[in-house]
**Q** 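I'd like to ask some things about the structure below.
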Amino acid sequence: MAEVKNTMNPVTFEVTHVCTQSGARTGILHTPHGDVETPMFMPVGTQATVKFLSPEELYDMHAGVVLANTYHLWLRPGEDIVAKAGGVQKFMNYKGPMLTDSGGFQVFSLADTRKIREEGVTFKNPINGDILFLSPEKSIEIQNKIGADIIMSFDECIPYPSERKYVEDSMMRTLRWAERGKAAHTRSEEQALFGIVQGGDHEDLRHYCAEKLVEMDFPGYAIGGTSVGEDKETMKRMVQMSAEKLPYDKPRYLMGVGAVNDLLEAISLNIDMCDCVLPTRIARHGTLMTSEGRINIRKSIYREDFTPLDPDCDCYCCRNYTRAYLNHLFRCNEGFGTRLMSIHNVRFLIHLMERARTAIKENRYNDFKAEVLHSMKFDERGF
RNA sequence: GCGGCUGUGGUGAAGUUGGUCAACACACUGGAUUGUGGCUCCAGCAUUCGAGGGUUCGAGUCCCUUCAGCCGCC
């Protein structure tokens, strides 16, 4: 019996409904820490904390999967400490599923101090200047110790635009890294390793990369290399090109996307999972997502606005506080304001996804998308 | 009544051998933020230096008058 269990994937996916109007789909992702419905938005908690939110609050607002970052936890407090705590979920007391990014994005975002070679990447530790080395094997080893339900292949996220030759070389290397990472993965009964499609905006490269990953047979696939400065049409094409070669019955994860119009378009393209720092980052800077579009709470028009931030939102902030109070807290640079606004933006996106799932199940996703884009004053096209 | 000091944008203020655009900071007003080192980044914000007049090619900077505030003396 035990043998049977060992051959099972720790994370499985099932499509539960396909919208007859749009082709968008709902599904359920089964994980060791519970089932979550898709499409979903995953908040980012880089340092084993979604900035300003408690894990209990996240759980209560149905955050589903929460991200943490391999690179950051490797540097502090170190993966062995997280392992001793019993894994990242126990460490931070989050009861739902978690996912760790591989550190691959940091190769891109810390471009000033890195050197990429076949073996791996040399970084300069921004904390103390130490020279560090991260490889596919090392990334997976760290992620095995951190212990999230879903772990990510170590990839290279290249800037846009890049020379085709570089895009191709990088993508081929990312494929070799995926193979090495898969071979190094020692906890495949407990943690699902997802592959990442790269290839820039070149159709043949995206296709090739996706096909090769599928041959390696991952329990889920991510689409990387988007939201790096390209225009909306290019982004859409990159997602389409990647997705059309992925198996329909496996979860698709679009990395780094969190703007409302981008999320709605991603759902149309059969994306099941998205993550982004956007809601929490812009909240810290006073920008809030509401059913009538983005607003900046700093503006003086909110000084005497004693209405809720968003009357259509059910979050703790909107149920209890006014725009005037948030304006005051933000101008005084009070942490409680940052907390309330972070709570709102995260819950807003989770709620948006809940409404999207309902619309899909009721076969009216296109109508829903158009209504939201209109009321939030996005361009008719979005994405 | 006499003597002294001060008077630059919403605020604190820099600015004397008189010489293009009046420094800087805060505040204020916009904008940005997409696999995260929170309190960040970008842009705008005094045709004008208490008021009036004079000297000068040129005055926030020199002179005169006046007003206001503060301090001291009668």
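Because the structure is a prediction, the values reported are computed rather than measured. Numbered from 1 within each chain, the chains take letters A, B, ... in sequence-line order.
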**Q** Please report the distance separating the P of B:A27 from the corresponding atom of B:G53, rounded so that it comes out in whole Å.
**A** 38 Å

**Q** Scan A:Gly225 against the nucleic acid and name what it touches under 4.0 Å (heavy atoms): base, sugar-phosphate only, or nothing.
**A** base

**Q** If you check every side-chain atom of A:His285, which of B:A32, B:G35, B:U34 has the closest atom?
**A** B:A32

**Q** Would you kindly give the CZ-to-C1' distance between A:Arg303 and B:U29, to the nearest whole Å?
**A** 11 Å

**Q** In this structure, how many angstroms lie between the P atom of B:G37 and the CG atom of A:Asp101, rounded?
**A** 10 Å

**Q** State the OG-CH2 distance between A:Ser102 and A:Trp177, to the nearest 0.5 angstrom.
**A** 9.5 Å

**Q** Does anything in residues 47-57 of chain A reach RNA chain B, meaning a heavy atom under 4.0 Å, and if so which residues?
**A** A:Lys51, A:Phe52

**Q** How many Å lie between CD1 on A:Ile282 and P on B:C41, as a whole number?
**A** 18 Å

**Q** Is A:Arg187 paired with A:Glu190 through a side-chain N to carboxylate O contact shorter than 4.0 Å?
**A** yes

**Q** Any ion pair linking A:Asp204 and A:Arg164 (charged N to carboxylate O, less than 4.0 Å)?
**A** yes

**Q** Does A:His72 put a side-chain nitrogen or oxygen below 4.0 Å from OP1 or OP2 of B:G37?
**A** yes

**Q** Calculate the interatomic distance between A:Arg284 atom CZ and B:G38 atom C1'; express it in whole Å.
**A** 5 Å

**Q** Measure the distance from CE on A:Met255 to P on B:G35 and round it to the nearest whole Å.
**A** 10 Å

**Q** CD1 of A:Ile295 versus P of B:U33: gap in Å, rounded?
**A** 17 Å

**Q** Answer with base, sugar-phosphate or nothing: what part of the nucleic acid does A:Ile196 contact at a heavy-atom distance below 4.0 Å?
**A** base

**Q** Looking only at non-hydrogen atoms, find the nearest pair between A:Cys274 and A:Val257 and report the distance.
**A** CB-O, 3.6 Å

**Q** For A:Asn296, which contact category applies under a 4.0 Å heavy-atom criterion: base, sugar-phosphate, or nothing?
**A** nothing

**Q** Taking the minimum atom-to-atom distance to the side chain of A:Arg281, which one of B:U29, B:U36, B:G31 wins?
**A** B:U36

**Q** Give one of base, sugar-phosphate or nothing for A:Cys274, where a contact means two heavy atoms less than 4.0 Å apart.
**A** nothing

**Q** In terms of the nearest nucleotide of RNA chain B, which residue is placed more toward the 5' end: A:Ile301 or A:Ser227?
**A** A:Ile301

**Q** With respect to the side chain of A:Arg294, which nucleotide from B:U36, B:U33, B:U34 is positioned closest?
**A** B:U33

**Q** A:Tyr71 and A:Phe123: aromatic ring centres closer than 6.0 Å?
**A** yes

**Q** When you measure from the side chain of A:His30 to the backbone of A:Pro10, do you find a donor-acceptor pair of N or O atoms at a distance under 3.5 Å?
**A** no

**Q** When you measure from the side chain of A:Arg298, which nucleotide among B:G30, B:U33, B:U34 comes out closest?
**A** B:G30

**Q** Can you check whether A:Gln21's main-chain N or O pairs, donor with acceptor, with A:Asn366's side chain at less than 3.5 Å?
**A** yes

**Q** Strictly below 4.0 Å, heavy-atom distances to any atom of RNA chain B: list the hits from residues 324-346 of chain A, or just say none.
**A** A:Arg331, A:Asn333

**Q** When the C1' atoms of B:C71 and B:C64 are compared, how many Å lie between them, rounded to an integer?
**A** 25 Å

**Q** Quick test of your reading of the model: are A:Asp169 and A:Lys165 salt-bridged, counting only N-O distances below 4.0 Å?
**A** yes

**Q** Find out whether the Lys NZ or Arg CZ of A:Arg25 is both under 6.0 angstrom from the six-membered ring centre of A:Tyr248 and within 45° of the ring's axis.
**A** yes

**Q** Dot-bracket notation for RNA chain B is requested: 5' to 3', Watson-Crick or G-U wobble pairs only, both distances under 3.5 Å, with ( ), [ ], | and . as defined.
**A** ((((((((.[[[..)...(....]]].(((((.......))))).....[[[[[..)....]]]]]))))))).

**Q** Taking NZ from A:Lys377 and C1' from B:G31, how many angstroms apart are they, rounded to a whole number?
**A** 17 Å

**Q** Could you please name the option among B:G37, B:U36, B:G30 that lies closest to any side-chain atom of A:Thr46?
**A** B:U36

**Q** Using 4.0 Å as the upper bound for N to carboxylate O, is an ion pair formed by A:Glu118 and A:Arg176?
**A** yes

**Q** Side chain of A:Gln198: nearest nucleotide among B:U34, B:G31, B:G35?
**A** B:G35

**Q** Round to the nearest Å and state the distance from A:Glu230 atom CD to B:U34 atom P.
**A** 11 Å

**Q** Any salt bridge between A:Arg347 and A:Asp314, counting N to O under 4.0 Å?
**A** yes

**Q** With a 4.0 Å cut-off on heavy atoms, is A:Ser300 in touch with a base, just the backbone sugar-phosphate, or nothing at all?
**A** sugar-phosphate

**Q** Output the distance between atom CG (A:Leu349) and atom CG (A:Asp275), rounded to the nearest 0.5 Å.
**A** 11.5 Å

**Q** Under a 4.0 Å threshold between the charged nitrogen and the carboxylate oxygen, would A:Lys361 count as salt-bridged to A:Glu37?
**A** yes

